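Quick caveat, the model's predicted, so the values are computed rather than measured.
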Amino acid sequence: MDFFKKCSQDVYIAIILLAISVYMIFNAMTKMSSDAAQFPILILVVFIALSIGLLIKGIRDTQHAEKTGEELKGQMKFSQIKMPLVVFVFTTIYVVLVDLVGFIVPSLVFTAALMWFNHIRNKVVCVLVPVGLVGFLYVLFTFILSSRLP
């Protein structure tokens, strides 16, 4: 158990990625036709192989640090990953809202909120860019590609 207390962050990340990959393969196999699931499963198998490589590297780094008594190199602090985590939460909420509400309103709010989060404070820009982007995508998918947006 002492191993997991001083474990490299790569080990935790690899375990999370493996769990997500296995879940996604299970979803692809149960919710998609076998033909449609081939490509996602292939990509996920590659992703699993890379995650296993990351897990092995993390275990080796942890063992090396224990043997030599050195600190683990390259460990990130929460302050370094706080902003990417906030963007990840924004994106997750956006994906859920697109599924529940549709494409247009969540996309407008998400784009404006992300711009505001990235310190763009010009209100005209924070309105025109999302409207222009969503308008362009609406025209592209609805009229040019003859496809429906969610």
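- Follow the hydrophobic side-chain contacts under 4.5 Å out from V127 and you never reach V105; the two are in separate clusters.
- Between L137 and L149, the closest side-chain pair of non-hydrogen atoms is not below 4.5 Å.
- In terms of heavy atoms, A37 sits closest to A28 at CB-O, 3.5 Å.
- Each of V129 and Y94 belongs to its own hydrophobic cluster when Ile, Leu, Val, Met, Phe, Trp and Tyr are linked at side-chain heavy-atom distances under 4.5 angstrom.
- In terms of hydrophobic clustering, with Ile, Leu, Val, Met, Phe, Trp and Tyr side chains grouped at heavy-atom distances under 4.5 Å, M29 and I43 are assigned to different clusters.
- Taken together through direct or relayed side-chain contacts under 4.5 Å among Ile, Leu, Val, Met, Phe, Trp and Tyr, I56 and V45 form part of one hydrophobic cluster.
- The structure places CE of M115 at 8.5 Å from CG of N122, a figure rounded to the nearest 0.5 Å.
- The distance from the CG atom of L44 to the CZ atom of F26 is 14.0 Å, given to the nearest 0.5 Å.
- Shown here is E71, whose CD atom has no more than 12 heavy atoms of other residues, nucleotides or ligands within 6.0 Å.
- Taking the side chain as every heavy atom from C-beta outward, I93 and F110 never approach each other to under 4.5 Å.
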*Decide yes or no on side chain to side chain contact (heavy atoms under 4.5 Å, CB included) for Y138 and F143, but give the supporting numbers first.*
CA-CA 8 Å; Y138 179 79; F143 299 112; 4.0 Å; yes
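- The environment of R148 atom CZ is sparse: at most 12 non-hydrogen atoms of other residues, nucleotides or ligands sit within 6.0 angstrom.
- A112 approaches P130 most closely through the heavy-atom pair N-CG, 3.7 Å.
- If you take CD1 on I20 and CD1 on I48, they are separated by 11.5 Å, rounding to the nearest 0.5 Å.
- Under the 4.5 Å side-chain heavy-atom criterion for grouping Ile, Leu, Val, Met, Phe, Trp and Tyr, L108 is not connected to V101 through any hydrophobic cluster.
- With rounding to the nearest 0.5 angstrom, the CZ atom of F47 is 4.5 Å from the CG atom of L17.
- Within the 3.5 Å criterion, the main-chain N or O of S8 finds a donor-acceptor partner in the side chain of T62.
- For the pair I120 and C126, the minimum side-chain heavy-atom distance is below 4.5 Å.
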*Residues D10, L55; criterion side chain to side chain contact (heavy atoms under 4.5 Å, CB included); working and verdict*: CA-CA 6 Å; D10 291 344; L55 180 65; over 6 Å; no
*Yes or no on ring pair (Phe, Tyr, Trp, His ring centres under 6.0 Å) for F90 and F117, after CA distance, side-chain angles and deciding distance?*
CA-CA 10 Å; F90 277 168; F117 179 74; 5.5 Å; yes
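- With rounding to the nearest 0.5 Å, the separation of CG in L145 from CG in L140 is 4.5 Å.
- The side chain to side chain donor-acceptor pair (under 3.5 Å) with D61 is formed by just one residue from the set Q63, K57, H64; it is K57.
- One distance of note links CD1 of I41 with CE of M24; it measures 11.0 Å at 0.5 Å rounding.
- By the 4.5 Å heavy-atom criterion applied to side chains, Q38 and L42 are not counted as neighbours.
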